[in-house]
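Counting starts at 1 for both ligands and their atoms, in listed order.
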Amino acid sequence: MTTVLREAPPRLTSAVAAWTGVLSLAAALGAGHLVAAFVGRGASPYLAVGNAAIDLTPSWLKDFAVSSFGTHDKTVLLAGMAVVMVALAVVAGLISRERALPGQVVIAVFGVLGGVAVYGRPDLGQLALAAPLASLVAGVLVFRWLHGAALSRGVSDSRRRFLATAVAAGVAGGVGQWLGSRKNADASRAAVGPLTPARPAPPVPADADFAKLGTPTFITPNADFYRIDTALVLPQVPAEDWTLRIHGMVDRELTFTYADIRNRPLVERIITLCCVSNPVGGPYISTSRFLGVDLAELLREAGVREGAEQLFSTSADGFTAGTPVSTLLEPGRGAMLAIGMNGEPLPVEHGFPARLVVPGLYGYVSATKWVTDLELTTWDAKQAYWLQRGWAEQGPIKTESRIDAPNGHVAAGKVSVAGIAWAQHTGIDRVEVRLDGGPWQQAVLSAEVSTDTWRMWWAEVDAPAGSHSVAVRATDRDGYTQTDQVADVVPDGATGWHTITFSAR
Ligand SMILES: Nc1nc2c(c(=O)[nH]1)N[C@H]1C(S)=C(S)[C@@H](COP(=O)(O)O)O[C@H]1N2
Ligand SMILES: [Mo]
C-alpha cells in the first residue's frame, strides 16, 4: 500500500489576498483615468460607469437621491460606487487565495462593464474605448503580478510590488486628473470678453426683494444659482469649437457658430428658472439676467414647417429636451438661446457656451445646457430624456409659493413671515398666509419686475408664546389659487401649500 502525501497548496493570507484585489483595482482605475485624459474625460471607467448608472437609475431612485442629497447626489453616487468597487475587489482577492484566475476574471468583468458604459455614451467616440481597455489590461496583469509575488516570492519582494503598484496607480490617476482638467473650457470662457446687450434688461428696483426679512435676493448670484443636470463630468465645450445646428422640419437648415450668435444684437431678459423636481418648499428655483438671442427669431429664420410640434434639443453630452413649438413661437414668450448670465459668459456648469431658457416651462422640457442641436419634429417621432423616464411631455411651471422666514425661534408677538411666489409668464396676483389654520391674511408683494420672474412677499402675524404653524398660498393672474392637494414632483411638478412650524417665546 502506498501513501501519497499531499502537501497543502500554498495560499495567500486573507489580508494579502484582499490587498491584491484592492491594489489591482487601483491600478485599473489609475490606468483608465490616465488614458481617458487623452481620449475623453468621461471615458474614465469610474466616471463612465457612474454616468451609465445615472442614465439607468429609475425615476423613483433619482427622486430619492435628489430629495435626500440635493445637488450632492452625484458625490453620493461616486462615493457609493467607490465603496461597492472596493468591496468587490476585496471579494476578488479572497476568492483567489490559491490561484489568480478567479480574481482576474472578476477584474476583467469590471473592465468589460466599463467598456459597455463608455460605448453607451453619446458624447464619446470609439477611441474612448481605449480607457476601459487600459483598465482591463492593467487590472488583470497587475493582479497576476501581485498574486505571483505574494505566493512564491519573499515577503519583502512582495511588499515592494504592492507598494510600487499603489504609487503607480496614484501617479497615473493624478496625472490623468491633471491632464484632463487642463482640457476644460475655462480658457475659452475667459477669452470671450465682454458681452454687451443691445437691449439690456431694465434695472432691478430696490424693492424687488425682501432680503432683509429673509427672502432670497431678487437676482441669484451665479455661484448660488441652483444646478440640476445628469452630467457627472461637466461637458467642456470651447466656444471656438461650438456650433448650433437647426434642422428637421424647416425650410432651410441653419448652422451658427459662437461668433455668429454673439455678433447679433443681444437681448437681456430676467427670468426665474425652476426645476420640476423642486418639492413644495424646495430650493431648485433661481433668477438671473440671461443674455442671448431670441429663440423664436432663429426658428423663423430657419422657417418652421407646418406640422412641427416639438423642438427637440440635444446637448453636447447627449441630454435631450422636447419643447412645444407652439409655446416657443407664441408672441412675447421670450424664449432665448442664452450665452450670458448676470453680465458674464454662461458659467460652465450652467451650459457654456450656450443654453436654452424658456420662460414659464420647467427646465427638463426646455432649458438644455451645452446645447448643440435643435431639431423641429413631432411628438411621435422622438422622446426626450425625461419623457423616456416617465415624466410628462408638457411641463408648464405650476403656480407655487414658499416660506423662507421665520426660520427657527422668534420672539413672541408680531412675527414677520416672508418668502417667494412664482407663476412664470402669468404673474402673481396675491399671496396669503395663515397662522395655525386661522383666517387667510393677505401678504404685501414686492415690486413686480416682470411676469417671468418670482415675486417676494411679506406679512406680519400675531404669534403668542408657543409653537405655531404658518401656511402660504398664491393666486396667479389667471385667477388660479394654489391647491392644497399634495402632488409629488413626478410626473409634472409638485403641488400643495408650503407649511412651516416655528416657536415663539
Ligand atoms: N445638458 C443638460 N441640460 C439640462 C439638464 C441636463 O441634465 N443636461 N437638466 C435640465 C433641468 S432638469 C433643469 S431644471 C435645468 C437646470 O438648469 P441650471 O442647472 O442652470 O439651474 O437645466 C436643464 N438642462
Ligand atoms: Mo429640472
Side-chain angles (χ1 to χ4, degrees), residues 42 50-51 54-55 57 59 62-63 65-67 70-74 77 121-123 185 216 219-237 242 244 271-279 282-292 311-323 335-342 344-374 384-392 394-398 400 422 424 454 489-494:
N51 268 314
I54 290 175
D55 290 350
T57 297
S59 291
K62 178 248 170 196
D63 296 335
V66 170
S67 62
T71 321
H72 299 296
D73 57 344
K74 295 190 192 69
L77 171 74
R121 291 304 307 161
D123 53 338
I219 296 286
T220 314
N222 286 352
D224 299 340
F225 202 98
Y226 84 90
R227 176 189 159 200
I228 296 279
D229 53 59
T230 60
L232 205 45
V233 194
L234 279 176
Q236 303 288 334
V237 186
W242 178 85
L244 177 70
I271 298 167
T272 297
L273 193 62
C274 182
C275 184
V276 69
S277 295
N278 195 40
Y284 306 127
I285 178 162
S286 302
T287 301
S288 179
R289 302 166 169 276
F290 289 100
L291 180 71
L311 181 72
F312 191 84
S313 51
T314 306
S315 80
D317 68 342
F319 172 85
T320 56
T323 314
M336 302 178 77
L337 172 72
I339 59 171
M341 191 171 170
N342 288 333
E344 293 175 23
L346 277 182
V348 171
E349 64 270 31
H350 295 293
F352 180 82
R355 73 174 306 168
L356 303 184
V357 183
V358 184
L361 301 186
Y362 285 124
Y364 83 107
V365 291
S366 66
T368 305
K369 307 192 270 190
W370 315 287
V371 65
T372 57
D373 191 282
L374 299 178
Y385 189 91
W386 287 114
L387 205 58
Q388 291 169 26
R389 290 160 176 79
W391 295 71
Q394 305 281 326
I397 296 176
K398 294 180 179 175
E400 272 289 323
W422 61 94
Q424 285 92 322
W454 56 16
V489 294
V490 190
D492 62 356

- prompt: Do any nitrogen or oxygen atoms of D229 come within less than 3.5 Å of a nitrogen or oxygen of ligand 1?
  reply: no
task: Measure across I54 and T230 and return the closest heavy-atom pair with its distance rounded to 0.1 Å.
output: CD1-O, 3.6 Å
field: Note: K398-D492 ion pair, threshold 4.0 Å (strictly below)
entry: yes
query: Y385 and ring-ring contact (aromatic ring centres under 6.0 Å, His included): which partner among Y364, F319, F312?
result: F319
field: Enumerated ligand 1 atoms positioned under 4.0 Å from heavy atoms of L273
entry: 17 (O)
field: Nearest-option assignment for atom 2 (C) of ligand 1, heavy atoms, candidates Y385, W386, F319
entry: F319
field: atom 13 (C) of ligand 1 - nearest protein heavy atom and its distance
entry: G363 CA, 3.7 Å
query: Do any nitrogen or oxygen atoms of A367 lie less than 3.5 angstrom from nitrogen or oxygen atoms of ligand 1?
result: yes
task: Give me the one residue out of T314, L311, T323 that meets side chain to side chain contact (heavy atoms under 4.5 Å, CB included) with L374.
output: L311
query: Picking from N342, T220, L273, what satisfies side chain to side chain contact (heavy atoms under 4.5 Å, CB included) with T287?
result: T220
- request: Please confirm whether E349 comes within less than 3.5 Å of ligand 1 when only nitrogen or oxygen atoms on both sides are compared.
  value: no
task: Decide, yes or no, whether a salt bridge links D229 with R355 under the criterion of side-chain N to carboxylate O below 4.0 Å.
output: no
message: I need the contact type for F225 against ligand 1. Using non-hydrogen atoms and a strict under-4.0 Å cut-off, is it side chain, backbone, both or neither?
response: side chain
Minimum heavy-atom distance N278-P283, with the two atoms named: OD1-N, 3.1 Å
task: Just jot down the ligand 1 atoms closer than 4.0 angstrom to any heavy atom of C275, in number order.
output: 14 (S)
task: Under 4.0 Å, heavy atoms only, figure out whether ligand 1 is touched by the backbone of D317, its side chain, both or neither.
output: side chain
message: Tell me the closest heavy-atom pair linking A354 and I339, and the distance in Å.
response: CB-CG2, 4.0 Å
message: On a heavy-atom basis, which atom in V357 and which in A338 lie closest, and how many Å separate them?
response: CG2-CB, 4.2 Å
- prompt: For Y364 and ligand 1, does the shortest N/O to N/O distance drop below 3.5 Å?
  reply: no
message: Geometry only, no angles: is I228 polar-contacting ligand 1 at N/O separations under 3.5 Å?
response: yes
field: Numbering as shown, the atoms of ligand 1 that approach S315 to under 4.0 Å (heavy-atom distance)
entry: 1 (N)
task: Within a distance under 4.0 Å of any heavy atom of T368, pick out the atoms of ligand 1 and give their elements.
output: 3 (N), 24 (N)
- prompt: For ligand 1, which part of V371 has a heavy atom less than 4.0 Å away: the side chain, the backbone, both, or neither?
  reply: neither
query: What is the minimum heavy-atom distance between S313 and T368, and which atoms define it?
result: OG-OG1, 2.7 Å
message: Counting only nitrogen or oxygen atoms and a 3.5 angstrom limit, does Y226 reach ligand 1?
response: yes
- request: First locate atom CH2 of W454, then atom CD1 of I397, and finally report the distance between them rounded to the nearest 0.5 Å.
  value: 12.0 Å
message: Test your reading of the structure: does K369 have an N or O sitting under 3.5 Å from an N or O of ligand 1?
response: yes
message: Heavy atoms only, cut-off 4.0 Å: how does W370 contact ligand 1, side chain, backbone, both, or neither?
response: side chain
message: Give me the nearest non-hydrogen protein atom to atom 17 (O) of ligand 1 as residue plus atom name, then the distance to 0.1 Å.
response: R355 NH2, 3.0 Å
